[in-house]
Amino acid sequence: MLELRNVYKSFGGLQAIADLSLTLNEGEIVSLIGPNGAGKTTVFNLVTGVYAPDQGDILFEGRSLKGLKPSAIVERGVARTFQNLRLFTNLTVLENVLIPQHHRLRSNWFASVLRTPAYLRQERAMHEMALEKLSFFGPRLMSFRLHQPVEVLSYANRRRTEMARAMATGAKLLLLDEPSAGMNPKETREITQIIRRMRDEGGYTILLVEHKMNLVKDISDRVVVLDYGRKLAEGSYQEVVNDPAVIEAYLGKRSDKQSAVARAQMADGMFADHDDNGGQP
């Protein structure tokens, strides 16, 4: 579904992404992990058209995304969440999930003013879509919270709202940037189950950046490790966390005894990195 072919991106003298190639197959959940500043969010920005690659190509369903505006990439079926939330905090939860559907409206302003039958049918369909996506999150966003302004929500519920908004664009591929940020262990388990349902019941393919290794361990079909913008390792969770190069990238050079302890901790999902730098130079 998604393919990056020898992608490079630099900011002035800083090489943020170097010769990166990876694939994401339909129906997969793939996690992108790595130390601070490894380039994880930069990858998201490249796929969604925020940045253009200096070299290489990015293909979605066999068609190049290179040079397309972010809005055109959403039209193709790619949506994302952000490391730093970008919701309309003065609008309600429901309104935030209705907004991304307007790009699919086929009625003009005249029909919306007159409230024609065709416009009303589209409006009902938008509400049904919004409620369907919000239902993935259960009472956390439904019931009385549906009509609450986002500004009164907890940080975790704002995260959920942003995920529902991405789903409501009609996307096939979701890029989730730290979906469990700001959540306690119970909420993290809930969001893990929701992401799995998004793939199994919603039919989404998912690429996520995440620092909570327990979530990565429980949910990933494959894990890709970045370091200084290069792919350091790829494989199952157990394969990558036992890779000596990955241990060194996270912790630096350690003795054999220390490395053995670190491998055991990573295998158990105990490591959690700090926030990425957002891919900024």
Establish, for the pair Lys133 and Phe136, whether the NZ or CZ atom is under 6.0 angstrom from the six-membered ring centre and no further than 45 degrees off its axis. no

Would you call Arg80 and Asn45 a side-chain contact if the rule is heavy atoms closer than 4.5 Å? yes

Is any side-chain heavy atom of Val7 less than 4.5 Å from a side-chain heavy atom of Gln55? no

Only distances under 3.5 Å count here; give the side-chain donor-acceptor pairs of residues 142-149 to other protein atoms, sequence neighbours excluded, each with its distance to 0.1 Å.
unit_1: Arg145; atom_1: NH1; unit_2: Pro139; atom_2: O; d: 3.2

Supply the atom-to-atom distance Lys212 NZ to Thr192 OG1, rounded to the nearest 0.5 angstrom. 8.5 Å

Compare every heavy atom of Pro179 with every heavy atom of Met163, then report the nearest pair and how far apart it is. SD-CB, 4.0 Å

Between Asp227 and Lys40, does a salt bridge (Lys or Arg N to Asp or Glu O under 4.0 Å) hold up when you go through it step by step? CA-CA 9 Å; Asp227 191 31; Lys40 304 180 291 295; over 6 Å; no

If only atom types and distance count, is the side chain of Asn25 paired as donor or acceptor with the main-chain N or O of Glu28 below 3.5 Å? no

Pairwise side-chain contact, Leu153 with Val93, heavy-atom cut-off 4.5 Å (strictly under): yes

Nearest-0.5 Å distance, CE of residue Met1 to OH of residue Tyr204: 11.5 Å

Let me see the working for Val97 and Met167 under side chain to side chain contact (heavy atoms under 4.5 Å, CB included), right down to the final yes or no. CA-CA 9 Å; Val97 182; Met167 295 164 70; over 6 Å; no

Can you tell me if Arg199 uses its side chain to pair, donor with acceptor, with the backbone of Gly27 under 3.5 Å? yes

Between Leu226 and Leu232, is the side chain to side chain contact (heavy atoms under 4.5 Å, CB included) condition met? List the steps. CA-CA 5 Å; Leu226 293 185; Leu232 186 63; over 6 Å; no

Point-to-point distance, once rounded to the nearest 0.5 Å, from CD1 of Ile195 to CD1 of Ile219: 4.5 Å

Which heavy atom of Thr42 sits nearest a heavy atom of Ala16, and at what distance? CG2-CB, 4.4 Å

If you take all heavy atoms of Ala168 and Pro100, which pair is closest and at what distance? CB-CG, 4.1 Å

SB check Glu190 Arg160 (cutoff 4.0 Å): yes

Using a 4.5 Å cut-off between side-chain heavy atoms of Ile, Leu, Val, Met, Phe, Trp and Tyr, which other residues end up in the same hydrophobic cluster as Tyr155? Leu85

Just wondering, do Leu175 and Val78 contact through their side chains at under 4.5 Å, heavy atoms? yes

Would the distance check show the side chain of Ser220 and the main-chain N or O of Val223 forming a donor-acceptor pair, the cut-off being under 3.5 Å? no

Within the structure provided, determine whether Leu4 and Ser21 are in side-chain contact (heavy-atom separation under 4.5 Å). no

Have Ser10 and Asp54 got a donor and an acceptor in their side chains that come within less than 3.5 Å? yes

When you check the gap from the basic side-chain N to the acidic O, do Lys172 and Glu61 get nearer than 4.0 Å? yes

Following the transitive rule for hydrophobic clusters with a side-chain heavy-atom cut-off under 4.5 Å over Ile, Leu, Val, Met, Phe, Trp and Tyr, establish whether Ile17 and Phe11 coincide in one cluster. yes

Under 4.5 Å between any side-chain heavy atoms of Leu98 and Leu91, yes or no? no

Hey, any chance Leu22 and Val30 share a hydrophobic cluster, counting ILVMFWY side chains that come within less than 4.5 Å of each other, even indirectly? yes

Would Val224 and Lys231 count as a side chain to side chain contact (heavy atoms under 4.5 Å, CB included) here? Give the steps. CA-CA 7 Å; Val224 177; Lys231 184 162 66 175; 3.7 Å; yes

Working to the nearest 0.5 angstrom, can you tell me the gap between Ser236 OG and Asn242 CG? 8.5 Å

Reported CG-to-CZ distance for the pair Asn157 and Arg140, which is rounded to 0.5 angstrom: 6.5 Å

ILVMFWY network linking Tyr51 to Val47, side-chain heavy atoms under 4.5 angstrom: yes

Pairing donors with acceptors under 3.5 angstrom, does anything connect the side chains of Asp177 and Thr41? yes

When you measure from the side chain of Glu178 to the backbone of Glu210, do you find a donor-acceptor pair of N or O atoms at a distance under 3.5 Å? no

Any sub-3.5 Å donor-acceptor pair from Thr169's side-chain atoms to Ala166's backbone N or O? yes

What's the separation between atom CE in Met213 and atom OH in Tyr237, rounded to the nearest 0.5 Å? 5.5 Å

Pair Phe88, Ile99 - check side chain to side chain contact (heavy atoms under 4.5 Å, CB included), show working. CA-CA 10 Å; Phe88 298 97; Ile99 284 172; 3.7 Å; yes

Taking only residues two or more places apart in sequence, or in another chain, which ones meet Glu151 in a salt bridge (Lys or Arg N to Asp or Glu O under 4.0 Å)? none

Has Lys9 got a side-chain atom pairing as donor or acceptor with Ala52's backbone, closer than 3.5 angstrom? yes

Please tell me whether Arg189 and Asn214 have a donor and an acceptor in their side chains that are separated by less than 3.5 angstrom. no

Do Val152 and Thr89 come close enough that some side-chain heavy atom pair is under 4.5 Å? no

Check step by step if salt bridge (Lys or Arg N to Asp or Glu O under 4.0 Å) holds for Glu3 and Arg5. CA-CA 6 Å; Glu3 183 179 5; Arg5 294 180 178 173; 3.1 Å; yes

Determine the minimum heavy-atom distance between Ile206 and Leu24, stating which atoms define it. O-CD1, 4.0 Å

Closest heavy-atom pair and its distance - Glu132, Ser135: O-OG, 2.5 Å

Glu162 bridged to Arg86 by N-O distance under 4.0 Å: no

Would you say the rings of Phe82 and Phe44 are close, in the sense that their centroids are separated by under 6.0 Å? no

Does the side chain of Val43 come within less than 4.5 Å of Leu20's, by heavy atoms? yes

Looking at Ala245 and Asp243, what are the two nearest heavy atoms and their distance? N-OD1, 2.9 Å

Joint cluster assignment, Leu59 & Val50, ILVMFWY side-chain distance < 4.5 Å: no

When you measure from the side chain of Glu187 to the backbone N and O of Asn184, does any donor-acceptor pair fall under 3.5 Å? yes

